[in-house]
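Fair warning: this is a prediction, and the values are worked out from it, not measured in the lab. In the text below, chain A, chain B and the rest are named by the order of the sequence lines, each starting its count at 1.
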Amino acid sequence: MTTRNSNVINALGWLRLKIMDKIEKINNLKTKSPFKIFDIVIAAALITLAVLLIIFVPQKKGAYVEVYVDNKLVFKRSLNEDYETRISTNGGEHYNRIKIENGYVYVLDADCNDKFCINTGKTNTKNKPIICLPHNLKIEVIGSDDGDIVIY
Amino acid sequence: MKVKKLVYLAIFTSLSLILFLVENLFPPVFPFAPGTKIGLSNVILLFILIKYNYKEALIVLVIRCLLSAAFTGIFSIYYSLVSGLISATLMWVLYRFTFPKIGIAAISVSGAVIFNIVQLFLASILYKTFVFLYYLPWTVLVSFIAGSTVGLAIWLIIKFLPNKFLID
């Protein structure tokens, strides 16, 4: 099938890249495999990205937990002792119940609509926060080197 | 012809909205990477990129994001619109200029990866922290699975739909 675009060689001509038109592309999809040889480029890029991230993003245990509501610190406590608290958000309309247990912190219960914070699970790692988007709440684990325990 | 296209785009918008809502009903498929999902409405986006063009895909995407805000809250516009626009642009560029060399599955995978990475960066900006880097490797892995699923789905759709539904 000869069509108007079939002879166009674009800027990447050295790759022998021919721009197909719509019908040629649909016919290609209908008759050929969904995987092509240059998919290797994308797969290699992704694997490299993931490996680099795993190597270079530090995963250190923290000692303190900080809770922010609307980007303001409302709660800070050591991870070492078990504790349970209820944090009111959205000006007292809603809540998140947070529990510290065996050195981990997690959200026990919340009345948000997506339950994202509960599904995130436990954390004791510095780079792994728990967030609750509808309540604009952030639970972060920090290291031991910044200040005393403050209970608000 | 114009009315026909309008009706088709309206149907596609409602289809992608339905897929989006049905997906939200189920618990998360990948619990180790919070916030990620298969992205079934991406099937519709890719289908429109193949059947029509970039402009029509953007129209459907923007209307779907605005309508879905009525169900999931106003926050979702900020996330889904920005990352959706960027990933749709990337998929269009790949499909338009490199298609016979890069397959449909890989196009869908790159779209999913960019969508999720942009979403994590938007969350990092909103919460004024870059701690979300922790989730990135898992996000890439999940996007790989999700993107392949969507890519194979769209390939099967194109393969078995007769040409009269595919050519405008």
Query raised in the report: Highest number of heavy-atom pairs under 4.5 Å with chain A: which of B/Y95, B/Y79, B/F160?
Result: B/Y95
Query raised in the report: Which atom names give the shortest non-hydrogen contact between A/A50 and B/P137, and what distance separates them?
Result: O-CB, 4.2 Å
Query raised in the report: Among pairs that include at least one residue of residues 39-55 of chain B, which meet salt bridge (Lys or Arg N to Asp or Glu O under 4.0 Å), considering only residues two or more places apart or in two chains?
Result: none
Query raised in the report: Roughly how far, to the nearest 0.5 Å, is CD1 of B/I102 from CD1 of A/I40?
Result: 11.0 Å
Requested in this report: Step through the shown structure and confirm whether more than 12 heavy atoms of other residues, nucleotides or ligands are within 6.0 Å of NZ on A/K61.
Outcome: no
Report task. Quick one: pull up CG in B/N163 and CD1 in A/I26 and give me the separation to the nearest 0.5 Å. Result -> 6.5 Å
Requested in this report: Check each atom of B/L49 against the heavy atoms of chain A and say whether the ones under 4.5 Å are side chain, backbone, both or neither.
Outcome: neither
Query raised in the report: How many angstroms lie between CZ in B/F144 and CD1 in A/I42, if you round to the nearest 0.5 Å?
Result: 9.5 Å
Query raised in the report: Between atom CG of B/L136 and atom CG of A/L52, what is the distance when rounded to the nearest 0.5 Å?
Result: 12.0 Å
Query raised in the report: Using non-hydrogen atoms only, which part of A/L29 is less than 4.5 Å away from chain B: side chain, backbone, both, or neither?
Result: both
Query raised in the report: Is the number of heavy atoms from other residues, nucleotides or ligands under 6.0 Å of B/I167 CD1 greater than 12?
Result: yes
Report summary line: Checking heavy-atom separations under 4.5 Å from chain A, one finds in residues 151-159 of chain B B/L152, B/W155, B/I158, B/K159
Query raised in the report: Should B/V140 and B/I38 be counted in the same cluster of Ile, Leu, Val, Met, Phe, Trp and Tyr side chains packed under 4.5 Å apart?
Result: yes
Query raised in the report: Are the side chain of A/K36 and the backbone of B/F99 linked by a donor-acceptor contact shorter than 3.5 Å?
Result: no
Query - Contact class of A/L49 relative to chain B, heavy atoms under 4.5 angstrom - result: side chain
Query raised in the report: For A/L137, is it the side chain, the backbone, both, or neither that has a heavy atom closer than 4.5 Å to a heavy atom of chain B?
Result: backbone
Query raised in the report: Are A/Y95 and A/V69 co-members of a hydrophobic cluster defined by side-chain heavy atoms under 4.5 Å apart?
Result: no
Requested in this report: Under 4.5 Å heavy-atom distance to chain B, tell me which part of A/D39 shows up: side chain, backbone, both or neither.
Outcome: both
Report summary line: Contacts satisfying ring pair (Phe, Tyr, Trp, His ring centres under 6.0 Å) that involve residues 3-24 of chain B (not counting sequence neighbours) are B/F12-B/F47
Report task. Could you walk me through whether B/L166 and A/K30 pass side-chain contact (heavy atoms from CB on, under 4.5 Å), step by step? Result -> CA-CA 11 Å; B/L166 297 173; A/K30 273 184 182 295; 3.7 Å; yes
Query raised in the report: Looking at OG1 of B/T139 and CG of A/L53, how far apart are the two atoms once the value is rounded to the nearest 0.5 Å?
Result: 9.5 Å
Query raised in the report: For the candidates A/N28, A/N71, A/T31, which exhibits the highest count of non-hydrogen atom pairs separated by less than 4.5 Å from chain B?
Result: A/N71
Query raised in the report: B/I86, B/I107: one ILVMFWY side-chain cluster at the under-4.5 Å cut-off?
Result: yes
Query raised in the report: Under 4.5 Å between side-chain heavy atoms, hopping through other hydrophobics if needed: is there a path connecting B/Y78 to B/F121?
Result: yes
Query raised in the report: Are A/V67 and A/Y104 connected in a single hydrophobic cluster, I mean Ile/Leu/Val/Met/Phe/Trp/Tyr linked by side-chain heavy atoms less than 4.5 Å apart?
Result: no
**Report entry** Pairing residues for B/T89 by the side-chain hydrogen bond (donor to acceptor under 3.5 Å, both in side chains) criterion, not counting sequence neighbours
**Finding:** B/Y54
